[in-house]
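Below is one structure; the comments refer to it alone.
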Amino acid sequence: MDHSRTIIHIDLDCFYAQVEMNKNPSLRTVPLGIQQKNIVVTSNYTAREFGIKKCMLIPEAKKLCPSLVLVNGEDLHDYRQTSYKVTNLLQKYTPLVERLGLDENYLDVTTLINEKLNQKSDLKLVGNVFGDTSDKCECGCTERLIIATTVAQEIRDVIKSELNLTSCAGIAHNKLLAKIAGARHKPNQQTVVFPNSALELILSLNAPNDIPGIGRALFEQLKCIGVETIEELQNVDLKRLETVLGQDKAKLVHELSLGIDKSGVKPTGKPQSIGLEDSCRSISVETEVKIKLEQLLNRLLLLVEEDGRVPKTIKLTVRKFNKDNKMSHRETRQCNVNPSIFSSSQPNKEAKIMTTIMHLFNRIIDVKKPYHITLLGLSFTKFQEPPKNTLASFLRKDLEVQSVLSIENQNGVEDAESPVPSTSKLAPTEGESPTPSPKKLKLTNLVSKKRCFEDYYEDCESPSKLKVADLCLDSVSCPPDADKEVFKELPKEVQKELWEDYKRRRASEMNFCSSQVKKTKPNTLLNYFIRNN
DNA sequence: TGGGGTCCT
DNA sequence: AGGACCC
């Protein structure tokens, strides 16, 4: 077996509740529930002592705990923001950070651990251990996992000190085991599991669908062939499993049941979609539909503006009333939109977008017949170009021009555009814990977001006129797409970053163009900035 | 049972 | 466009 990787799973404790308690510290001392419609989606640990459970109905929760304080958590904006702050912190340890929902992250710390291994730091196991450790694997994984317990503790300490959030961590040689182990001791604790305890850990779960990756549908299929417990799944005849699941799925599921998980930690880049939903008792007239969708659209436009990218398609989701318990049944329709519609200079773009949304709506609902809608959702997908969250993006004058200059982020790998150079990444570390990087320069407040478009072509040289040689010089000059007057006033360091950013973008363009023509990868600057390629 | 997301078919 | 999975 291969135990060469070291994975840490970080899970924020009752995440929404923690965010609300940080916003309003007086909530810390009371039983707190986060409410979405008629449901308590999560609660703080004070409330849990009353027996409040995830996804409990409000009346039931109130009966268990009449003093329960409820905060509405239907707008995820603040949770999403905090969530990304956590992920950004984690990315200082390794670029291999994968998000799962808003409150979980996987880290592949293999490289970092191997570096620490060479430094001969003393082996001190921190936190809980799952299972018995008398039978020790000799492949080296034991030492690696022990070092990782210290790293996990450091990471949790930083999340606490920087963001005032407590979390749990699971440490193992794969994602599956790390996640399951982390849930053993909650809250604000961590657990390591060694390979020899993998089977025991999996068997400690109650049912096959407690294994991440085995959901309701798979569980039902398993039942059909008489597999109801994890033990039965572990011992099932593979051929029989294949008859219902097919070869690939059968192998995967069987391996999961044995604690084997070969899946890698996939760096999560920018979201593939940004959407909003609103459930409701009943909507059956068109004006109400319009009002709801307008609300959703206005909120969504703000989110997309924050994101910085421009979407190319829009998707409408409708859930019709269904007396059967098929609550999950939704219908969607999508269409492409001209990205120019999102331009800030576009006069009443809301109305224009609403027109296409209502067109989608009419593809799902025949408004001449009675209807009964219980959910409306709107989402934007297929974004143009990766946004460049750098100082440069701020000074760039025109979104449309920007889109011409940029390329799609083809593999979703982090694009080396982090405003703070991730120092600890792959470079050898100095042995101490990763120090928080210097505070980001908050240009947001320094530079007005107002951009003027008119003089772009007069003011700037065409990028195509820039010679490749310019890109290789050490000297720093003003990128053609930045405001020269503003640029002059900036500190030298900032000027340098803007110029570096511009060079990177130029390099990307060059590679983009040539790779369209010939399949071979030219040895451009880009190769230094794009990994896994 | 909410309000999100991902990837595969 | 839907369905599986995840939180």
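Labels below follow one simple rule: chain letters A, B, ... track the order of the sequence lines, proteins then strands, and each chain is numbered from 1. Here the structure is a predicted model, which means the values were calculated and not measured.
Within residues 55-87 of chain A, the residues approached by DNA chain B to less than 4.0 Å at the level of any non-hydrogen atom are A:C55, A:E74, A:L76, A:R80, in residue-number order. A heavy atom closer than 4.0 Å to some atom of DNA chain C occurs in no member of residues 273-297 of chain A.
In terms of heavy atoms, A:I39 sits closest to A:C55 at CG2-CA, 3.8 Å.
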Please write out each protein N/O paired with an N/O of nucleotides 4-6 of chain C under 3.5 Å, distance rounded to 0.1 Å.
unit_1	atom_1	unit_2	atom_2	d
C:dC5	OP1	A:G215	N	3.2
C:dC5	OP1	A:G215	O	3.4
C:dC5	OP1	A:R216	N	3.4
C:dC5	OP1	A:A217	N	3.1
C:dC5	OP1	A:L218	N	2.9
C:dC5	OP2	A:A217	N	3.2
C:dC6	OP1	A:G213	N	2.9

Please list, for nucleotides 7-9 of chain B, all pairs of protein and nucleotide N/O atoms separated by less than 3.5 Å.
none

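The closest side-chain donor-acceptor pair between A:R5 and A:T110, if any, does not fall under 3.5 angstrom. Looking at A:R156 and A:N188, their side chains do bring a donor and an acceptor atom within 3.5 Å of each other.
Counting to the nearest Å, the C1' atom of C:dC7 and the CD1 atom of A:I34 are 15 Å from each other. What separates CD1 of A:I364 from P of C:dA1 is a distance of 8 Å, to the nearest Å. A:L378 places its CG atom 14 Å from the C1' atom of B:dG3, with the value rounded to the nearest Å. Regarding A:L376, its CG atom lies at a distance of 14 Å from the P atom of B:dG2, rounded to whole Å. Rounded to an integer number of Å, the gap from A:L375 CG to B:dG3 P is 7 Å. Rounding to whole angstrom units, CZ of residue A:R330 and C1' of C:dG3 are separated by 12 Å. Rounded to a whole Å, the CG atom of A:L102 is 9 Å from the C1' atom of B:dG3. Separating the CD atom of A:Q334 from the P atom of C:dG3 is a distance of 15 Å, rounded to the nearest angstrom.
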Would you give me the side-chain donor-acceptor pairs under 3.5 Å for residues 168-187 of chain A, sequence neighbours excluded?
unit_1	atom_1	unit_2	atom_2	d
A:N174	OD1	A:L176	N	3.1
A:N174	OD1	A:L177	N	2.8
A:N174	ND2	A:G259	O	2.9
A:K175	NZ	A:E98	OE1	2.8
A:K175	NZ	A:E98	OE2	3.4
A:K175	NZ	A:G264	O	3.1
A:K179	NZ	A:E104	OE1	2.8
A:K179	NZ	A:E104	OE2	3.3
A:R184	NH2	A:S204	OG	3.3

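Identified under the side-chain hydrogen bond (donor to acceptor under 3.5 Å, both in side chains) test for residues 54-70 of chain A, with sequence neighbours left out: none. Residue pairs meeting the ring pair (Phe, Tyr, Trp, His ring centres under 6.0 Å) criterion with at least one partner in residues 7-39 of chain A, sequence neighbours excluded, are A:H9-A:Y106, A:Y16-A:Y79. Among residues at least two apart or in separate chains, there is no side-chain hydrogen bond (donor to acceptor under 3.5 Å, both in side chains) pair with a member in residues 295-304 of chain A. Residue pairs meeting the side-chain hydrogen bond (donor to acceptor under 3.5 Å, both in side chains) criterion with at least one partner in residues 207-229 of chain A, sequence neighbours excluded, are A:E220-A:K223.
If you check every strand for non-hydrogen atoms under 4.0 Å, A:E331 touches sugar and phosphate atoms only.
Looking at residues two or more places apart in sequence or on another chain, you find a side chain to side chain contact (heavy atoms under 4.5 Å, CB included) between A:I364 and A:L316, A:V318, A:K320, A:E331, A:R333. Every residue meeting the side chain to side chain contact (heavy atoms under 4.5 Å, CB included) condition with A:V337, not counting sequence neighbours, appears here in chain and number order: A:I314, A:F342, A:T356. A:H359 pairs by the ring-ring contact (aromatic ring centres under 6.0 Å, His included) definition with nothing, not counting sequence neighbours.
Distances shorter than 4.0 Å separate some side-chain N or O of A:T332 from OP1 or OP2 on C:dG2. Phosphate contact (OP1/OP2 of C:dA1, side-chain N/O of A:K315, threshold under 4.0 Å): absent.
One finds a salt bridge joining A:K251 and A:E255 here, because a Lys/Arg side-chain nitrogen approaches an Asp/Glu carboxylate oxygen to under 4.0 Å. Using a 4.0 Å cut-off between charged nitrogen and carboxylate oxygen, A:D108 and A:K266 do not count as a salt-bridge pair. A salt bridge links A:R330 to A:E277: at least one charged side-chain nitrogen sits closer than 4.0 Å to a carboxylate oxygen.
Of all nucleotides listed (B:dT1, C:dA1, B:dG3), B:dT1 comes nearest to the side chain of A:I39.
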